[in-house]
Structure formats: structure tokens, C-alpha cells
Amino acid sequence: MMKNGLAAYKIYRALSYGVSPLIRLHLRWRRFRGLEHLQRWPERLGHPSQPRQPGPLVWFHAVSLGEGMIAIPVIKHCIQKMPHLNILLTITTLSAFEVLRKRLPSEIILQFSPVDTPASISYFLHYWKPNAIVLMESELWPNLIMDASKNGITLALLNARISEKSFNIWSGSVLLPLISLMFSKFSLIVPLSTEQGVRFQLLQAPPYIINFSGDLKYVIGDIGVDESSRKSIDNLRLQLSHKQVWMASSIHRGEEEIILGVHTVLMHLQPNIVTIIVPRHPQHGREIAKKLEREGHNVVLRSQHERFTPETNIYVVDTLGELRQLYTLTPIAVIGGSFVPGLSGHNISEAAAAGCAILTGRHVGHFSHMVLEMQQSNPLSVLQVSGRVELENSLIELFTNTTLLETRRRAAKEAFCMLSSDIVANIWSLLNFHIFSRSFTETKPH
């Protein structure tokens with residue numbers, strides 16, 4: 001198996017080397033289209049834009065905003081325990097960069113992640129010289145992992161998950177040797193659920209490196225919400241204080257028709273209602289607002305900073321990084337990415353933390369473990385509905401039955417509190433034992 005894995009890796013490395021000029025051209029094309037940072041896109045080729053400070057350094061790597069957010073509580077805990085530790089956080093998406101650069105603590109170095117070509121990874125590792133690398137969720141890149149191992153850098157994978165589709169591909173005879181070889185280079189894998197842990201074992205990750213701590217999505221916190229954002233949320237809360245409010249968050253294309261159909265029905269029953277729609281992508285929000293305005297609806301778009309009029313009944317959020325605060329404005333949260341086949345759900349824990357009554361569709365993908373955990377903790381914490389009609393009926397019941405609404409809100413909050421306790425402390429213990437104690441013995445944790 002190891003021999004076959006090395007052969008597969010040599011093929012991957014040769015291919016990634018061969019396509020490097022095309023990847024560079026692709027990055028320039030993405031920059032032209034506004035998908036890469038205009039000035040900092042060379043970071044994607046491993047070229048740094050900030051100095052490397054002396055002392056031990058841990059590199060945390062996330063793809064987008066969601067993965068970056070779950071890394072932050074762990075990073076803060078590491079800094080608290082080891083104040084002299086340098087932390088480098090890399091992300092891939094421009095949208096995540098724009099949110100995180102304004103809100104991260106100043107001591108955390110933020111860079112774009114290098115693409116997985118031999119030269120980019122080599123440049124990056126040679127410059128930053130990380131003592132340890134902590135990858136978030138499913139960032140498994142062969143050149144990064146193999147080069148890190150060759151350079152004696154310890155590797156961890158936190159909140160580790162493998163989708164069913166990826167598992168089916170990776171467990172085939174062609175890729176399994178390579179995947180098995182990559183997993184053998186890790187010192188710690190922390191799956192986000194027992195089911196995920198089984199998948200890693202079936203892909204031949206060494207059993208002794210697999211440890212459990214709980215899902216880090218339960219501990220996403222506020223990351224430096226600035227004063228203007230706080231005032232804006234408080235102002236919005238005031239405008240909504242005499243309204244019946246519900247929110248549909250992380251809505252994907254194809255789901256807005258369901259949400260707007262439900263909104264129309266609720267308007268006939270509750271004229272004082274306001275529906276807050278938070279699409280997954282801001283551009284989608286602007287498209288929804290334009291469409292509704294053409295149809296004669298009174299819509300307020302968050303980025304325009306407009307005030308409500310008495311006729312306003314739809315509020316469309318086309319900004320990023322505010323979801324956690326927005327949940328505090330509504331007693332009811334409908335979590336999108338779950339009403340159309342092929343989608344895979346979204347994080348429900350932030351709504352639970354805010355004490356919302358939570359509804360979601362059936363297509364929750366790798367968030368099924370979170371829905372199940374919440375329901376096992378308290379059966380009333382999450383309500384799954386099959387489609388528009390069930391969603392309508394459930395919302396009508398919540399709006400007309402105050403006792404039921406408060407019971408579901410309390411159930412969600414209690415389930416969240418139970419499931420979120422001690423996760424970061426457990427992660428720290430695992431990192432300290434499996435990673436830090438091996439990576440830099442000269443730095444003593446407090």
C-alpha cells in the first residue's frame with residue numbers, strides 16, 4: 001500500500017508541476033475577474049507579504065469564512081496558553097479575507113493560502129518555517145502534506161470531515177493508497193462526529209491519531225465586531241421592535257421562491273410581519289431585492305443603510321460576517337441550504353446560541369450529525385420540515401402559539417449550551433499532547 005501510495009504521489013507531483021504555468025495564468029484570470037486580491041494574489045503562489053517574526057510559529061489553514069471562524073476560538077486559546085507563539089492563518093477566498101482582515105486580533109498574521117504546486121508550497125514553507133500545521137475540516141493537499149512531513153513539520157486536522165461523495169472516490173483502488181499515505185503523515189485527526197471518525201478509519205488513517213472533542217462549529221464566537229456594526233444592529237433591533245419577525249438564513253439559489261411563497265402566506269395572516277432574508281452570497285441578495293422591487297414589494301437592502309417604512313415587510317441582507325448578530329434580532333430562524341436536493345445544510349448552532357426557534361429542511365448533508373445531536377439533547381431544539389407547506393404550517397403555529405415558540409427557543413439554547421461546553425479546552429489538550437509537545441519543546445505552555 002505504501003509503495004503504491006508513493007507511486008501515486010509521484011504522479012500527482014509531476015502533474016501539479018506540469019500544470020503550474022496554467023495555474024498561474026488561472027490566478028491572473030481570477031484576479032482580472034475580481035476573484036483574487038488585486039495586490040496580494042502572489043501570496044497564492046507562496047510569496048509572502050508580511051515578515052516572519054522570530055520564535056515558534058503554527059500555521060492554521062482554512063478555506064473560507066466558515067472554516068476560518070471555527071479556527072479562531074482555538075487560535076485565541078493557543079495564544080492565551082502560549083503568549084509567545086506566532087500564529088499564521090491562511091484562507092483561500094477573497095470574501096473570507098475581507099471579513100477576517102478587519103476583525104482578527106492584530107497578532108495573528110493573515111495570508112492567502114498557497115496553491116498546491118511544488119514551487120508554491122516550497123516557497124511558502126521555506127519562508128514561514130512553521131513548527132506545526134493545523135488544517136481545518138477537509139483541506140487535504142498532497143504536496144502540502146508530503147512536503148511538511150519531509151521537513152519534519154507536525155500535522156493536525158481539526159473538525160475533520162469527508163463528504164460521502166469524496167469518501168466514495170477516495171476509497172477506490174486508485175486513490176486509496178495516496179490517501180492512506182497522506183493520513184500516515186498526521187499526528188492528530190479530530191473528526192467532527194463518530195460517523196466521520198469511522199470514515200477516516202476506513203480510509204486507513206492510523207487509529208491512534210484519531211481523537212474526538214466535539215464539533216468546533218458550536219464554539220464560533222464574535223470576532224471583533226466593531227462599534228459601527230454594533231450600532232447598526234441595535235438600530236435595526238429598534239426598527240423591528242414592533243414587528244413580527246422571522247429570518248431565513250444562508251439561502252441558496254432556488255430556495256428564495258420557497259421563502260417568498262411562505263412570506264406571502266404569512267403576510268395575509270400577520271400583516272405586521274417582516275421577513276429577513278440572508279442569502280449565502282451577497283450578490284444573490286441584491287438580485288432578490290431588485291426582483292422584489294420590480295414586483296412592487298417594499299424592500300430594504302442592508303448595504304444601502306435605509307430605514308424601514310411602515311410598509312416594509314422584507315429585509316434583504318447582502319453583507320458578510322454578521323449572521324451571528326442578526327440571529328439576535330429574530331425569535332425564529334429558518335436555516336437554508338436544506339430545502340433543495342443536492343444541498344448539504346448549514347451551521348445551526350449560531351441560531352441556537354442566540355436562542356432562536358430553529359427550522360431546517362431535510363437536505364442537511366454533513367450537518368445531519370449536528371441536527372441529530374441537538375434533537376437527541378432536546379427533541380424540541382430543531383424542527384425539520386419537508387418543504388414549503390410544512391414550513392408554512394410550522395411558522396404559522398409558532399407565530400400563533402407563544403408558549404410553543406418560547407419552548408422551542410429555550411430548547412435550542414439549552415441544547416447548544418450542553419453541546420458546546422469544553423470543546424476548545426479539549427482541542428487544546430489534544431493539540432498540546434500530540435502536536436505542540438513534539439513541535440517545540442522549548443516553548444512551555446502555561
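Between the side chains of Glu67 and Ser64, a donor-acceptor pair is found at a separation under 3.5 Å. Judged by distance alone, the side chains of Ser249 and Arg280 never bring a donor and an acceptor atom under 3.5 Å apart. With no hydrogens or angles considered, a side-chain donor-acceptor pair links His61 and Thr90 at under 3.5 Å. Side-chain contact check for Thr319 and Ser303: no donor-acceptor pair (N or O, by modelled atom type) lies under 3.5 Å. Side chains of Arg410 and Asn378: a donor-acceptor N/O pair is absent below 3.5 angstrom, by distance only. Side chains of Thr328 and Gln325: no donor on one and acceptor on the other come within 3.5 Å. In summary, the side chains of Thr360 and Ser338 do present a donor paired with an acceptor at a separation below 3.5 Å, with no hydrogens or angles considered. There is a side-chain donor-acceptor pair under 3.5 Å between Tyr12 and Asp116.
Contact check on Arg31 versus Glu36 returns no salt bridge, with no Lys/Arg side-chain nitrogen under 4.0 Å from an Asp/Glu carboxylate oxygen. The pair Glu256-Arg253 does not meet the salt-bridge criterion, since no charged nitrogen lies less than 4.0 angstrom from a carboxylate oxygen. Ion pairing between Arg40 and Glu43 holds under the 4.0 Å rule for side-chain N and carboxylate O.
The shortest heavy-atom contact between Ile209 and Phe183 is CD1-O, 3.8 Å. Contact detail for Met374 and Ala412: the closest heavy-atom pair is CE-O, 4.0 Å. Of all the heavy atoms in Ser377 and Met418, the pair that sits closest is OG-SD, 3.4 Å. Here the closest non-hydrogen pair linking Gln53 and Asn86 is O-ND2, 3.5 Å. The shortest heavy-atom contact between Pro279 and Ile277 is CD-O, 3.4 Å. Looking at every heavy atom in both residues, Leu301 comes nearest to Gly285 through CD1-O, 4.1 Å.
Pro48 has its side chain within reach of Trp128: a pair of non-hydrogen atoms, C-beta onward, lies under 4.5 Å apart. In this structure, the side chains of Ile348 and Val371 come closer than 4.5 Å at one or more pairs of heavy atoms. Residues Arg408 and Ile358 fail the side-chain proximity criterion, which asks for heavy atoms closer than 4.5 Å. Residues Ile79 and Glu107 have side chains in contact (heavy-atom distance under 4.5 Å, counting atoms from C-beta outward). Counting heavy atoms from C-beta outward, Val424 and Lys76 have side chains that stay 4.5 Å or more apart. For the pair Met370/Ser349, a side-chain contact is recorded, criterion being any heavy-atom separation below 4.5 Å from C-beta on. Residues Tyr123 and Pro114 form no side-chain contact, since every pair of their non-hydrogen atoms from C-beta on lies 4.5 Å or further apart. Between Leu192 and Leu216, the closest side-chain pair of non-hydrogen atoms is not below 4.5 Å.
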Audit row: Arg409, Glu414, salt bridge (Lys or Arg N to Asp or Glu O under 4.0 Å) steps and yes/no:
CA-CA 9 Å; Arg409 293 184 70 180; Glu414 287 172 358; over 6 Å; no
Under the criterion side chain to side chain contact (heavy atoms under 4.5 Å, CB included), I'd like the reasoning laid out for Arg13 against Tyr9: C-alpha separation, chi angles, the key distance, then a yes or no.
CA-CA 6 Å; Arg13 188 173 181 86; Tyr9 173 63; 2.8 Å; yes
For Arg237 and Asp234, what are the C-alpha separation, side-chain angles and deciding distance, and is it a salt bridge (Lys or Arg N to Asp or Glu O under 4.0 Å)?
CA-CA 5 Å; Arg237 194 188 318 278; Asp234 289 341; 3.6 Å; yes
Can Arg199 and Glu195 be said to form a salt bridge (Lys or Arg N to Asp or Glu O under 4.0 Å), step by step?
CA-CA 7 Å; Arg199 286 183 181 174; Glu195 179 191 1; 3.2 Å; yes
Apply side chain to side chain contact (heavy atoms under 4.5 Å, CB included) to Arg362 and Val385, showing your working.
CA-CA 6 Å; Arg362 299 282 179 187; Val385 296; 6.0 Å; no
Please walk me through it: do His363 and Val340 pass side chain to side chain contact (heavy atoms under 4.5 Å, CB included)?
CA-CA 7 Å; His363 307 284; Val340 176; 5.7 Å; no
Evaluate the criterion side chain to side chain contact (heavy atoms under 4.5 Å, CB included) for residue pair Gln196 and Phe212; output intermediate values, then yes/no.
CA-CA 10 Å; Gln196 290 291 337; Phe212 296 90; over 6 Å; no
Given salt bridge (Lys or Arg N to Asp or Glu O under 4.0 Å), test Glu322 with Arg302 step by step and report yes or no.
CA-CA 11 Å; Glu322 296 187 295; Arg302 177 145 182 79; 2.8 Å; yes
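For Ser437 (side chain) and Asn432 (main-chain N/O), a donor-acceptor pair under 3.5 Å exists by modelled atom type. Looking at Gln375, its side chain never comes within 3.5 Å of a backbone N or O of Ser381 through a donor-acceptor pair. For Ser180 (side chain) and Leu176 (main-chain N/O), no donor-acceptor pair under 3.5 Å exists by modelled atom type. Judged by distance alone, the side chain of Arg52 and the main-chain N or O of Lys129 form a donor-acceptor pair under 3.5 Å. A donor-acceptor contact shorter than 3.5 Å is absent between the side chain of Thr330 and the backbone of Ala333. No donor-acceptor distance shorter than 3.5 angstrom exists from the side chain of Asn159 to the backbone of Met136, with no hydrogens or angles considered. Using modelled atom types, one side-chain atom of Asp215 and one backbone atom of Lys217 make a donor-acceptor pair closer than 3.5 Å. In this structure, the side chain of Ser171 engages the main chain of Phe167 through a donor-acceptor pair within 3.5 Å. Here the side chain of Arg44 pairs a donor or acceptor atom with the backbone of Ser113 at under 3.5 angstrom.
Rounding to the nearest 0.5 angstrom, the gap separating the CD1 atom in Ile179 from the CZ atom in Phe200 is 10.0 Å. Note that OG of Ser184 is 4.5 Å distant from CE of Met2, once rounded to the nearest 0.5 Å. Note that CD1 of Ile288 and CD1 of Ile251 are 8.0 Å apart. Values are rounded to the nearest 0.5 Å. A distance of 4.0 Å separates OG of Ser16 from CG of Asn143, quoted to the nearest 0.5 Å. Going from atom CH2 of Trp141 over to atom OG1 of Thr117 covers 11.0 Å, rounded to the nearest 0.5 Å. Atoms CG and OH, from Leu326 and Tyr315 in turn, are 7.5 Å apart once rounded to the nearest 0.5 Å.
Counted within 6.0 Å of CZ on Phe433, heavy atoms from surrounding residues, nucleotides or ligands total 12 or fewer; the atom is thus considered open. The environment of OH in Tyr17 is sparse: at most 12 heavy-atom neighbours from other residues, nucleotides or ligands sit within 6.0 Å. Within a 6.0 Å sphere centred on CD of Glu164, other residues, nucleotides and ligands contribute 12 heavy atoms or fewer.
When ring centroids are compared, His37 and Phe97 come within the 6.0 Å threshold. Remark: aromatic rings of Trp428 and Phe436 are close, center separation under 6.0 Å.
By the 30° and 60° cut-offs, the orientation of the rings of His346 relative to His252 is parallel.
Just one residue in the list Ile108, Val58, Val134, Ile109 forms a side chain to side chain contact (heavy atoms under 4.5 Å, CB included) with Leu89, and that residue is Ile108.
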